[in-house]
Amino acid sequence: MASAIQTVNLTKKYPAPYAAKNLFSAGRLRESFTALDSVSISVDKGRLFGLIGPNGAGKTTLIKTLCTTISPTSGSAFVNGFEIRKDGAKIRGCIGLISGDQRSFYWRLTGKQNLEFFASLLNLTRETAKKRISTLLEELDLTAQADKMFQTYSAGMKQKIAIARGLLSEPAILFLDEPTNSLDPISAGYLKKFIKDNIVGERGVTVLFTTHRLDEIEQLCNQIAVLDQGKVIFSGSVDEFKKTMHLSSYYVLEVNNIKYERLLNLNNIPEIKEIQIQSRPFDTFSIEFILAHSDSALPSVIDQLVADGGKILSCKQEESSLEDIYLKLMQENGQ
Amino acid sequence: MNCRKPLAFLKRDFHIALSYRFSFLLQLTSVFFFILSFYFISKLFGKAALPYLSSYGGDYFPFVLIGLAMANFLNIGLTTFAESIREEQTMGTLEAMLVTPSKLSTIILSSSLWNFLFSSAKVSIYLLLGGLLFGVDFSRTNLPAALLILALTTLSFCSLGIISASFIMVFKRGTPITHLLTSSSNLFGGVFFPIAVLPGWLQNISKLLPITYSLQAMRHAVLNGYSLRTLSHDLLALVAFAGVTLPLSIFIFNIAVKKAKERGSLAHY
């Protein structure tokens, strides 16, 4: 499958906070801060790619670099086949950017006036702009509010206008930088559905999506990359991510009629990789554990508990959430 | 650059200005009170200022009226680009514009159009009021020469304004050029009084400022009806000034944009 976005060893070093000596000295950037460190990712056309990472990991820098508003220090990147250093205008002609920042509109203009203004910057003819604005307002259920001042809109409506602006040029690639940041669950749900069904499903747009909400990544994304301190520490599918971390599932057993000291015998079973024991009311214990290689060790665990006099109340297998895996990865990476 | 983009900016700014109706009206009405003050100041001077104003017809009010009108353009030319960038940065709209295929230069120039148009309207009101209510005689005005002077003046001031905008692009706040030029132009450029009243060594500073030539030429073209040939000295000075500062300002602005992109601070404020 062809790549819509490809970065090769993309590096961005920000110069130190303002120093007059650096004003006219492009080659002498001292005490720089590395925001992107040899980032290499590939986003397939028509896919929804999730970019996750802690605050300051470099997600927004990567998006802004791909949108050509930040120049990279070294490495290369291609957006829709165009190189970011040479073909800035061509790239900006085939992308859209939607961020969670709702300040990026003129609050004393109406939603429609805002869209008309940005349509002219996107080189759309008057007729095309009129047609697309009308269609988008209808699709986003905003026609009735289109002539009201932007400042009177709710957060959800403002974000819908941001989506309409992002889609005005019918972009091949859309960058979504934490788009659900300020939205309530209903508005966020609507937005996620619209991204998946309309933007990617119907329009076939490639989407690069950053968020802190890992449930969104799990619901939406085909591919993901995890950025930490400017480095890509994982890139692949969500399933591969789970497998890589050996955290695809864990077991939860509830037992009673057993003393806590006896439960510690479980530590002697070599297949148990990680175990957590929590005390519950009525002399009951909840035991969560991960088995190292296969599920065949589960009977040994149950046998041990029964042999120690325990009564098994329930036993279930749970899927690890993406958040568990992400936290573990960050822990391993020294966060 | 086609006309659609500048028109879109004009439409945007018109709607925004109209949404602040009271301020819009206040700005226009303040023009009347402003020139009325200078009308009475001119009455106070009477013929006392005649020796200094003889080459402009001898009357202070028409002299200062043109000075005020041109100073308006000076202020707009010097400040509008920097202010437009700063305003778009603080509103958060600059980044949204920068991810469109439109050039940054188109965005900055178009963002300033409304201010120039509004300033032109204010200058027209100055002149209309001066002519209709206060009896200033414009019958000898050489209109083509006045328009040429206005164009050259705008180019010169805009070049300095673009350099000023470059400072905003990099430093975000503080434009030493604007501050320095506005105060020195008002003091040494002959906005409120003829430079002949200044001591000789201060008059040398006046000769370095484009507004000195603009005002001299404009007053001669409007009040005395001088021909282009007679105005050639001042016109050539303005052409030379614009010829040097315009390419320089574009060069500096490009460096500023490059620096801001390196720092990732294009949209910061």
Side-chain angles (χ1 to χ4, degrees), chain A residues 12-18 20 22-26 29 35 60-61 64-65 67-73 88-99 101-110 113-114 116-126 129 149 151 162 165-166 168-169 175, chain B residues 1-21 23 87-107 110-111 166-167 169-174 251-252 255-269:
Chain A
K12 175 64 196 173
K13 291 180 179 182
Y14 287 118
Y18 197 74
N22 285 337
L23 181 57
F24 296 102
S25 57
L29 302 175
T60 302
T61 297
K64 287 185 178 181
T65 307
C67 289
T68 77
T69 60
I70 289 180
S71 51
T73 308
K90 284 180 187 164
I91 288 175
R92 293 192 297 275
C94 63
I95 61 166
L97 170 67
I98 300 169
S99 75
D101 181 5
Q102 296 171 346
R103 288 184 320 121
S104 66
F105 285 93
Y106 299 97
W107 285 40
R108 294 186 76 90
L109 296 184
T110 66
Q113 284 169 340
N114 267 293
E116 284 168 353
F117 171 71
F118 282 102
S120 69
L121 292 183
L122 289 163
N123 298 332
L124 301 187
T125 63
R126 211 177 299 273
M149 264 200 192
Q151 62 184 353
R165 180 175 66 187
L168 265 179
S169 62
F175 295 97
Chain B
M1 178 172 34
N2 60 29
C3 285
R4 185 154 151 63
K5 287 179 193 176
L7 282 176
F9 277 89
L10 277 179
K11 196 174 162 189
R12 174 200 74 175
D13 293 333
F14 173 70
H15 284 301
I16 292 173
L18 213 60
S19 76
Y20 294 102
R21 285 185 182 85
S23 157
E87 204 176 315
E88 303 288 358
Q89 282 171 334
T90 50
M91 283 201 299
T93 43
L94 186 63
E95 187 157 59
M97 291 198 266
L98 293 177
V99 292
T100 67
S102 296
K103 284 182 182 172
L104 183 57
S105 52
T106 307
I107 292 169
S110 304
S111 289
S166 311
F167 276 89
M169 194 61 90
V170 178
F171 297 101
K172 311 299 166 196
R173 250 190 182 186
F251 175 71
I252 292 175
I255 290 180
V257 172
K258 194 173 166 232
K259 285 285 156 192
K261 279 193 170 189
E262 273 171 18
R263 292 186 164 273
S265 67
L266 265 183
H268 293 180
Y269 60 93

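Chain identifiers are assigned alphabetically (A, B, ...) following the order of the sequence lines, protein sequences preceding nucleic acid strands; residue numbering begins at 1 within each chain.
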Checking [X] against chain A: side chain, backbone, both or neither under 4.5 Å from a heavy atom?
{"X": "Glu87(B)", "answer": "neither"}
{"X": "Lys103(B)", "answer": "neither"}
{"X": "Ser265(B)", "answer": "neither"}

Residue [X] versus chain B: region with a heavy atom under 4.5 Å:
{"X": "Leu121(A)", "answer": "both"}
{"X": "Lys12(A)", "answer": "side chain"}
{"X": "Thr125(A)", "answer": "backbone"}
{"X": "Arg126(A)", "answer": "both"}

Short question: side chain of Arg92(A), backbone of Pro101(B) - any donor-acceptor pair under 3.5 Å?
no
Are any side-chain N or O atoms of Ser120(A) and backbone N or O atoms of Arg4(B), one a donor and one an acceptor, separated by less than 3.5 Å?
no
Kindly compute the distance separating [atom1] ([X]) from [atom2] ([Y]), expressed to the nearest 0.5 Å.
{"X": "Ser19(B)", "Y": "Tyr106(A)", "atom1": "OG", "atom2": "OH", "value": "13.0 Å"}
{"X": "Phe117(A)", "Y": "Lys5(B)", "atom1": "CZ", "atom2": "NZ", "value": "10.5 Å"}
{"X": "Thr106(B)", "Y": "Met97(B)", "atom1": "OG1", "atom2": "CE", "value": "11.5 Å"}

Which residue out of Ser104(A), Ala119(A), Ser99(A) racks up the most heavy-atom pairs below 4.5 Å with chain B?
Ser104(A)
In terms of heavy-atom pairs under 4.5 Å, which option from Leu109(A), Thr110(A), Ile91(A), Leu97(A) contacts chain B the most?
Leu109(A)
Between Glu88(B) and Thr93(B): side-chain donor-acceptor atoms closer than 3.5 Å:
yes
Pick from Arg12(B), Glu95(B), His15(B), Met91(B) with the largest number of heavy-atom pairs that fall under 4.5 Å of chain A
Arg12(B)
For a side chain to side chain contact (heavy atoms under 4.5 Å, CB included) check, start with the C-alpha distance between Tyr14(A) and Thr61(A), then their side-chain angles and the critical distance, and finish with the verdict.
CA-CA 10 Å; Tyr14(A) 287 118; Thr61(A) 297; 3.0 Å; yes
